[in-house]
4 protein chains.
Amino acid sequence: MGDGYHVLVSEHRRGPVRSEAARVAILDATARLFESRGYDHLTMEGIAAEAHVGKQTIYRWWPSKGALVADCLLEGLLFRQGFSPADTGDLRADLTAWLRGILGFVDREGGDTMVHSLIAAAGDHPSVGARLSEQLGANSLLHARFEAAVAAGQLSPDRPLDELGDALVGAVVLRALSRTPSDAAAAGRLVDAVLG
Amino acid sequence: MGDGYHVLVSEHRRGPVRSEAARVAILDATARLFESRGYDHLTMEGIAAEAHVGKQTIYRWWPSKGALVADCLLEGLLFRQGFSPADTGDLRADLTAWLRGILGFVDREGGDTMVHSLIAAAGDHPSVGARLSEQLGANSLLHARFEAAVAAGQLSPDRPLDELGDALVGAVVLRALSRTPSDAAAAGRLVDAVLG
Amino acid sequence: MGDGYHVLVSEHRRGPVRSEAARVAILDATARLFESRGYDHLTMEGIAAEAHVGKQTIYRWWPSKGALVADCLLEGLLFRQGFSPADTGDLRADLTAWLRGILGFVDREGGDTMVHSLIAAAGDHPSVGARLSEQLGANSLLHARFEAAVAAGQLSPDRPLDELGDALVGAVVLRALSRTPSDAAAAGRLVDAVLG
Amino acid sequence: MGDGYHVLVSEHRRGPVRSEAARVAILDATARLFESRGYDHLTMEGIAAEAHVGKQTIYRWWPSKGALVADCLLEGLLFRQGFSPADTGDLRADLTAWLRGILGFVDREGGDTMVHSLIAAAGDHPSVGARLSEQLGANSLLHARFEAAVAAGQLSPDRPLDELGDALVGAVVLRALSRTPSDAAAAGRLVDAVLG
DNA sequence: ACCTAACCGAGACGGTACGTCGCGTCTTCCC
DNA sequence: GGGAAGACGCGACGTACCGTCTCGGTTAGGT
């Protein structure tokens with residue numbers, strides 16, 4: 001897992017094996033250019049040049065720019081900053097703090113570019129979208145926090161937890177899309193909206 | 001409304017006035033090509049040819065493809081299908097039906113292309129994002145439905161209504177981004193998630 | 001003569017007469033831009049802007065860029081530097097000095113640009129070619145010098161004088177076209193070639 | 001000869017080598033369009049289309065339209081009709097016949113277009129001018145004829161032969177520029193002018 | 001004193017061509 | 001056969017000018 005887009009099967013072949021150096025150089029170059037120039041200024045030619053690699057070497061292993069970015073996400077080269085909700089026992093407070101962190105990141109310099117780039121990449125490659133919400137903590141960490149809240153009796157057990165996360169993350173994405181700047185109370189209001 | 005991207009300020013200028021025929025032809029062509037080919041196969045050259053217009057006439061009045069699409073949305077040329085929640089008195093049922101309609105549209109042939117295209121366009125132009133959620137009914141119609149629910153005592157008056165809509169629409173957008181197909185119960189679960 | 005491309009006939013018309021200010025501004029602007037940017041970077045739009053004049057005002061009175069330049073030559077706004085052969089009594093020496101002056105001008109900074117521009121303009125407008133050789137002194141001044149030489153017995157009376165001038169000027173133009181730089185003795189050799 | 005604009009130096013480079021097929025297709029298309037439409041209706045886009053070649057492939061190897069035409073001349077694809085003076089022993093008669101041929105060509109349909117096109121091309125690219133006079137026979141063939149005349153005692157040995165040719169060819173070019181139609185005796189007068 | 005045709009400035013219009021960028025494929029030499 | 005390099009056909013970009021047309025404003029005869 002995380003070996004690049006094509007998983008090497010064990011069929012025996014002649015000739016040299018895939019160059020790990022090239023694979024890493026390509027992903028590094030992709031991540032570097034993604035962060036500095038954004039997804040839509042990311043070009044295959046630019047990546048090849050930055051990685052000192054022939055274009056064919058990229059096309060041999062990845063079918064598209066989106067797949068390349070998806071692999072960068074898998075390797076954790078992009079969007080290093082994960083957002084995990086704390087567990088102080090107070091679900092509402094924890095969610096608000098978590099959201100405030102995310103909204104702050106989105107509003108900060110470069111943050112919205114990053115999110116926009118990820119959204120654009122998600123349009124090109126299916127798994128990027130999944131990774132996007134995962135990096136925002138929704139899929140795993142947020143789910144765990146919700147389960148803890150259910151166990152603590154702060155959340156009704158029949159609430160669909162995945163959808164709860166989707167709603168929160170989705171609202172953030174929507175704000176990023178419409179470039180609505182978030183005021184200080186926005187995180188609180190959003191939590192109020194879904195928790196009641 | 002429908003004045004185009006540049007709002008004509010009242011300063012007097014000599015010379016010919018902007019051609020309404022060209023403006024309409026361009027927006028029509030944009031809408032036509034957007035629906036038939038999707039946002040990322042939309043080209044300025046294609047629009048100019050389809051509208052029988054010089055490229056410069058487009059660039060004179062719109063800075064980008066995104067702005068063009070945003071104007072099409074403003075004029076209601078795109079995404080004609082608006083989604084408005086009914087008011088049967090039962091908020092939960094109404095929201096579920098409304099969401100089911102939207103999710104069905106997104107999953108249906110062409111629907112996800114349309115949403116993906118709008119998301120891509122939103123990345124290029126700020127106001128497209130706002131229009132996107134508006135067309136989904138969130139900003140105005142959904143807000144009205146929520147207010148009716150508050151009046152009917154079905155919704156706590158201190159729930160932030162805008163954020164409630166954002167959460168629902170955002171979840172839909174997130175699903176579209178990650179291309180998660182929605183099962184029959186998805187709409188219900190989503191409503192359960194936010195209404196508790 | 002020199003009133004611009006269209007000679008005003010005396011038929012009576014209503015309305016304002018042609019604006020002399022505009023005519024002069026246009027020719028001045030043309031000459032200014034011709035000298036600074038060369039014939040092929042000369043544009044109708046540039047001239048109109050430089051002259052603070054509508055494009056239509058240019059097209060109303062001149063059919064082409066070449067005609068405009070031809071009028072500039074007629075008015076003496078271009079290529080102010082005329083070359084006239086002296087008459088010291090020694091035809092060979094006078095011609096050599098005259099040619100040296102011309103060749104020097106062509107080789108000097110900007111000179112070949114000017115000649116190239118005039119040649120290019122001549123391609124667009126017939127009378128520019130005639131003006132070109134006239135400004136080089138060939139048509140009138142050189143002819144007069146030749147007649148004096150005939151009278152002084154330095155030149156056989158059956159030599160065709162016009163062709164003699166054409167040969168000398170033509171050789172200069174050819175050198176300008178092929179951008180052959182002329183050495184110090186070139187003028188002398190050229191005179192030797194035609195005078196024998 | 002015929003190596004194209006860029007002379008390949010022998011430094012070794014990796015990667016694909018320049019496509020000879022593309023080079024030839026481009027030059028052929030250029031010659032074809034030059035002859036049919038003239039230099040100033042020659043467009044890079046037209047050449048690319050005619051040659052079934054990408055525009056970039058042209059710009060990769062030639063900096064301008066003029067360079068392209070210069071290469072066509074080098075390859076002998078243009079102006080196939082060379083003019084060579086005969087040697088009947090009578091220099092004056094031979095030169096007159098040769099000039100009459102050239103002047104006739106220039107005056108004939110298409111001839112002046114060709115010369116004007118070459119003159120225009122010469123303005124864009126230095127070597128075209130040199131090729132122009134070469135194709136008119138001046139540089140090599142005419143020089144040879146002059147040497148024969150010197151050997152035969154018909155021409156003084158101290159006459160500068162190159163300049164003699166320049167004078168004759170230059171006069172022709174000048175006539176083409178000023179679009180002066182040549183009468184039947186023009187060739188004779190021109191020869192009289194330079195031979196005395 | 002109007003009327004109105006023609007001038008003027010400004011510049012929008014439908015076009016053509018420009019020169020550049022990036023795509024994904026193909027070709028060459030080297031390891 | 002993988003890899004670096006990069007030429008290739010191609011499509012689109014955004015810009016520059018072309019020559020025409022359309023405005024409002026101005027200027028003179030004509031009535």
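Each chain gets a letter, A, B and so on, in the order the sequences are listed, and its residues count up from 1.
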Q: Which heavy atom of B/Ile47 sits nearest a heavy atom of B/Leu42, and at what distance?
A: CD1-CG, 4.0 Å
Q: Return whichever of B/Ile26 or C/Val53 has its heavy-atom-nearest nucleotide of DNA chain E closer to the 5' end.
A: C/Val53
Q: Can you name the closest pair of heavy atoms from A/Ser64 and A/Met44 and give their distance?
A: C-CE, 3.9 Å
Q: For B/Tyr59 and F/dA12, give me the distance from atom OH to atom P, rounded to whole Å.
A: 12 Å
Q: Taking atom P of E/dC18 as reference, at what distance in whole Å does atom CG of D/Leu68 sit?
A: 11 Å
Q: From F/dA4, E/dC13, F/dC13, pick the nucleotide closest to the side chain of B/Arg60?
A: E/dC13
Q: Given D/Trp62, which partner from the list D/Asp71, D/Thr30, D/Thr57 fulfils the side-chain hydrogen bond (donor to acceptor under 3.5 Å, both in side chains) test?
A: D/Asp71
Q: What residue among B/Leu118, B/Leu77, B/Leu73 forms side-chain contact (heavy atoms from CB on, under 4.5 Å) with B/Phe34?
A: B/Leu118
Q: So, applying side-chain contact (heavy atoms from CB on, under 4.5 Å) with C/Tyr39, which one of C/Val69, C/Leu33, C/Val128 is it?
A: C/Val69
Q: What residues from residues 38-47 of chain B pass a heavy-atom cutoff of under 4.0 Å to DNA chain E?
A: none
Q: How close do B/Ala48 and B/Lys55 get, heavy atom to heavy atom, and via which atoms?
A: CB-CG, 3.9 Å
Q: A/Trp62 CH2 to E/dG24 C1': how many Å, rounded?
A: 16 Å
Q: What is the distance, to the nearest angstrom, from the CD1 atom on A/Ile58 to the C1' atom on F/dG2?
A: 15 Å
Q: Using every non-hydrogen atom in the two residues, find where A/Arg179 and B/Gly123 come nearest and quote the distance to one decimal.
A: NH2-O, 3.0 Å
Q: Hey, does the side-chain of C/Lys55 have a donor or acceptor N/O within less than 3.5 Å of a partner on the base of E/dG11?
A: no
Q: Specify the separation, in whole Å, of atom CZ of A/Arg23 and atom C1' of F/dA4.
A: 19 Å
Q: Examine E/dC13: is either OP1 or OP2 under 4.0 Å from a nitrogen or oxygen in the side chain of B/Trp61? Give yes or no.
A: yes
Q: Would you mind telling me which residue lines up with the more 5' stretch of DNA chain E, D/Lys65 or C/Gln56, judged by nearest nucleotide?
A: C/Gln56
Q: Whole angstrom is fine here: how far is it from CG in B/Leu33 over to P in F/dA12?
A: 11 Å
Q: Out of E/dC13, F/dG3, F/dA16, which nucleotide sits closest to the side chain of A/Thr57?
A: F/dG3
Q: Find the distance C/Glu50:CD to E/dG9:P and express it as a whole number of Å.
A: 14 Å
Q: Scan nucleotides 1-5 of chain E against the protein and return all N/O pairs shorter than 3.5 Å with their distances rounded to 0.1 Å.
A:
none

Q: Do you know which two heavy atoms are closest between A/Ala122 and B/His116, and how far apart they sit?
A: O-NE2, 4.4 Å
Q: With a distance cut-off below 6.0 Å to the six-membered ring centre and an angular limit of 45° from the axis, does C/Arg23 pair with C/Trp61 as a cation-pi contact?
A: no
